[in-house]
Amino acid sequence: MKADGTIVARKLCKSFGSHQVLRGIDLSVSAGEISCIIGPSGSGKSTLLRCINGLETIDRGVLRVNGEDFGYVERERAYHAVRPQVLAEQRARIGMVFQQFNLFPNMTAEGNVMSGPVLVKKVDRKVARDRARELLAQVGLDGCGHKYPAQLSGGQQQRVAIARALAMEPSIMLFDEPTSALDPELVGEVLAVMRDLAHNGMTMVVVTHEMGFARDVADEVLFMDGGVAVERGDAREVLANPREGRTREFLERVL
Amino acid sequence: MPELLPEDKKRITPKRPRDFVCWAVALAIVGGLVYTTVTNENYQWPVVFSYFTTESILDGLVLTMILTVVSMVLGTLLGLLLAVMRMSHQAPISGLARLYVTFFRGTPVLVQLIFWFNIAALYPNISIGIPFTDVSTPVDVNALMTPLTAAIVGLTLNQAAYMAEIIRGGFASVGRGQYEAADSLGMRGFTRLRHVIIPQTMPAVIPATGNQVIGMLKETSLVSVLGVAELLNSTQSIYARTYQTIPLLIVASLWYLIMTMALSVPQSVIERRFSRSTRRPAAATTAVEPAAGRPVSTTRESLL
Ligand SMILES: Nc1ncnc2c1ncn2[C@@H]1O[C@H](COP(=O)(O)OP(=O)(O)O)[C@@H](O)[C@H]1O
Ligand SMILES: [Mg+2]
């Protein structure tokens with residue numbers, strides 16, 4: 001099964017009714033690369049990320065993830081949506097971390113982390129539990145496995161969510177503003193886990209307003225505005241010397 | 001006596017005439033009711049007590065309970081199916097479920113019960129078989145639709161429509177993010193429903209289902225018109241012979257009251273457990289926000 005950890009998007013288009021949210025986005029992430037997407041609210045960042053793991057359908061354009069067409073197969077005149085079974089298998093190789101964590105409140109932290117392997121991959125419960133404990137330790141939550149999401153702080157919940165995504169052994173991790181719902185003092189612990197992941201060679205696409213994180217960790221930055229990729233390039237280069245006026249304006253406002 | 005300083009004086013709300021009037025009125029009403037029930041000979045309390053645990057009454061009681069449980073269980077399962085159908089993106093499927101609910105909620109249960117009892121007039125013979133094979137059994141509907149079958153079919157189908165709406169409300173209470181999180185892990189429809197969504201509908205569904213059980217218990221009395229010997233029908237059979245209508249209706253009422261009160265105990269326990277926090281397992285007290293006690297009313301406002 002292919003899972004080379006790459007993403008290629010060309011001229012990706014997506015509308016909600018008559019509202020065109022993505023107007024021909026290009027994106028290219030190679031294996032182990034960290035790509036940060038920045039841009040004002042409503043510019044289509046979340047939509048782009050949600051297209052990459054099939055939470056939204058795509059109207060037009062090329063999207064190849066892990067070296068194969070994602071969610072659709074190419075036919076003579078159109079791309080045809082794949083069967084749900086195939087989509088689920090493709091999704092299982094992509095981890096997603098949401099702004100609102102979206103932990104399952106009816107399961108403990110450990111249960112959340114185990115849920116993917118046990119329910120999707122049919123991994124033996126004992127094996128999955130041991131792996132869940134390892135992953136929770138890896139995100140700094142040793143011994144919190146028995147707690148329910150409601151008993152954890154936002155930062156802890158988000159780290160459980162990261163562990164839950166990692167439990168599926170994805171080749172790509174997508175983060176949609178993972179620290180935006182957190183109290184300021186809890187942001188650091190989540191970013192630290194993400195830095196760790198980046199150093200271990202995970203392919204990551206991160207929508208974020210944390211410019212410090214983007215500068216330190218990202219290889220590439222994509223600045224989006226109004227559904228188009230306004231500027232794309234080396235992270236430090238774009239953040240320090242933006243070429244486009246709109247990028248400069250945005251950076252002045254958030255920094 | 002030393003003078004109290006203003007800053008040391010307690011603040012109290014003195015009793016007002018209204019507080020005493022409320023008590024007086026309530027006591028007068030209860031007292032009057034007790035007086036008439038005790039002194040009015042027509043209640044025939046000795047008759048009530050003599051029939052209270054008669055065998056036929058107890059048999060009726062048991063049948064009432066069985067009808068309640070069976071119709072409730074079957075109705076809930078069918079209701080779950082209808083709720084899932086209703087949430088389907090396939091318009092024909094959700095349309096069928098909507099049609100079902102509209103039809104069964106839009107007609108009186110009593111009419112439905114009598115209808116099922118007489119269904120043989122519409123379909124005298126049906127034939128159950130496997131399509132495209134020779135395997136099939138003709139069924140005589142008239143023989144099949146005994147009063148008891150008609151009662152269970154009628155109560156179940158009606159209950160399913162109401163349970164479907166309750167369960168649908170439960171589904172609506174689960175946020176979109178939960179579906180998306182399950183999807184992003186690669187979960188498929190049934191796994192997602194069974195392990196992620198349905199457990200989260202419980203806080204909304206369980207208390208409402210408790211109400212339905214109590215409602216169903218009383219609703220079973222309607223099947224007395226089909227001649228099913230449940231509690232009410234059993235008392236009717238007796239007073240048809242003895243003409244002691246009122247005391248026997250009291251016997252039935254007392255039994256219904258006892259059963260609904262017995263049911264309301266677990267009902268309120270479950271309700272409290274689930275309403276405290278809709279998104280929190282019962283045993284969990286949160287580390288983030290310490291467990292608060294019952295809210296204490298300290299304002300002066302009341303409805304009137
Ligand atoms: N499901 C949806 N239906 C209709 N409009 C949507 C939907 N999701 C997003 N949008 C619209 O698409 C635009 C881009 O949204 P989003 O991708 O969430 O932006 P961002 O994440 O950059 O803030 C917004 O104008 C938003 O209102
Ligand atoms: Mg967003």
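Computed from heavy atoms alone, side chains included, the values below leave out hydrogens, waters and symmetry copies. Throughout, protein chains are lettered first and strands after them, A, B, ... in sequence-line order, and every chain is numbered starting at 1.
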Under the 3.5 angstrom rule, does the side chain of B:Gln200 hit a backbone N or O of A:Phe104 as a donor-acceptor pair?
no
Looking only at heavy atoms, which two atoms of A:Ala165 and B:Leu185 are closest? And how far apart?
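Nearest heavy atoms, A:Ala165 then B:Leu185: CA-CD2, 4.5 Å.
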Correct closest heavy-atom pair for A:Asn53 and B:Ser184 would be ND2-CB, 3.8 Å
Roughly how far, to the nearest 0.5 Å, is CD of B:Glu180 from CD of A:Gln100?
11.5 Å
Say you draw a straight line from CZ of A:Arg50 to CG of B:Asp183; how long is it, rounded to the nearest 0.5 Å?
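Taking CZ in A:Arg50 and CG in B:Asp183, the distance rounds to 10.0 Å.
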For A:Gln85, is it the side chain, the backbone, both or neither that has a heavy atom under 4.5 Å from a heavy atom of chain B?
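Contact with chain B involves both backbone and side-chain atoms of A:Gln85.
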Identify the residue among B:Arg188, B:His195, B:Arg194, B:Arg192 that makes a side chain to side chain contact (heavy atoms under 4.5 Å, CB included) with A:Leu119.
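Result: among B:Arg188, B:His195, B:Arg194, B:Arg192, B:His195 is the only option passing the side chain to side chain contact (heavy atoms under 4.5 Å, CB included) with A:Leu119.
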Crowded around B:Phe190 CZ? As in, over 12 foreign heavy atoms under 6.0 Å?
no
Chain A contacts, top residue of B:Gly189, B:Ala182, B:Gly186 (heavy-atom pairs, under 4.5 Å)
B:Gly186
Got A:Ser115 and B:Met187 here, is their nearest side-chain heavy-atom distance under 4.5 Å?
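Result yes, sub-4.5 Å side-chain heavy-atom pair found.
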